[in-house]
Amino acid sequence: MSYGLPCLASDIPPHREVIVDGENGFLFAADNQEALRQRLGELIALGEETRQRISSAARTLVMQDYDWDAVVDQIEALYAEGLKRYEKRKNKTS
C-alpha cells in the first residue's frame with residue numbers, strides 16, 4: 001500500500017482494520033486458495049483507471065495514518081491517556 005500498489009490480503013480482523021474491500025485494496029476469504037485466485041483475477045481484470053484509484057486510496061491511507069510521525073503521535077496519545085487514568089485512579093485512592 002505504501003508503494004501505491006493495490007493490496008490483496010486475507011479477510012482477517014487486522015487486515016479489515018486497514019483495507020476497505022474494493023476501495024483501497026481487496027480481501028479474500030482466509031485459507032481459501034480459490035478465493036485468492038478469484039480476487040487476483042479480478043484485480044488483474046480491472047481497468048487502469050480503477051486500479052489507479054484504488055492504489056491512490058491505499059497510499060493516501062498509509063501516508064496519513066501509518067507514517068512514522070502519525071504512529072508516534074498515536075503512541076504518545078495512548079501514553080498520555082494512560083497517564084491521565086493512572087493519575088485519576090491514584091487521586092481517588094489518596
Rounded distance (nearest 0.5 Å) linking atom CG of Leu61 with atom SG of Cys7: 10.5 Å
Donor-acceptor contacts under 3.5 Å from residues 73-86 side chains, at least two apart:
| from | atom 1 | to | atom 2 | distance (Å) |
| --- | --- | --- | --- | --- |
| Gln74 | NE2 | Asp65 | O | 3.3 |
| Glu81 | OE2 | Arg85 | NE | 3.2 |

Could you list all the salt bridge (Lys or Arg N to Asp or Glu O under 4.0 Å) pairs where at least one residue sits in residues 38-59, not counting sequence neighbours? Asp21-Arg39, Arg39-Glu42, Glu48-Arg51
Quick check: does any side chain N or O of Thr50 sit under 3.5 Å from a backbone N or O of Leu46, one acting as donor and the other as acceptor? no
Would Leu5 end up clustered with Ile44 when hydrophobic side chains under 4.5 Å apart are linked, directly or stepwise? no
Per the side chain to side chain donor-acceptor pair (under 3.5 Å) rule, what does the pair list look like for residues 24-33, sequence neighbours excluded? none
Shortest non-hydrogen contact between Ile19 and Ala9, atoms and distance: CD1-CB, 3.8 Å
Could you tell me whether a side-chain N or O of His15 sits under 3.5 Å from a main-chain N or O of Ser10, the two making a donor and an acceptor? yes
Rounded to the nearest 0.5 Å, how far does CD of Gln38 lie from CG of Leu43? 12.5 Å
Do Leu27 and Leu36 share a hydrophobic cluster (ILVMFWY, side-chain heavy atoms under 4.5 Å, transitive)? no
Of all heavy-atom pairs linking Ala29 and Ala35, the shortest is N-CB, 3.9 Å
Test of understanding: clusters of I, L, V, M, F, W, Y form through side-chain heavy atoms closer than 4.5 Å, transitively. Do Ile54 and Val20 belong to the same one? no
Among the clusters formed by ILVMFWY side chains lying less than 4.5 Å apart, do Tyr66 and Met63 turn up in the same one? no
Does Val18 reach the side chain of Val62, with side-chain heavy atoms less than 4.5 Å apart? no
One should read off an interatomic distance between Asp11 CG and Phe28 CZ, to the nearest 0.5 angstrom, of 9.0 Å
Would you kindly confirm whether Leu40 and Phe26 end up in one hydrophobic cluster when ILVMFWY residues are joined by side chain heavy atoms under 4.5 Å apart? yes
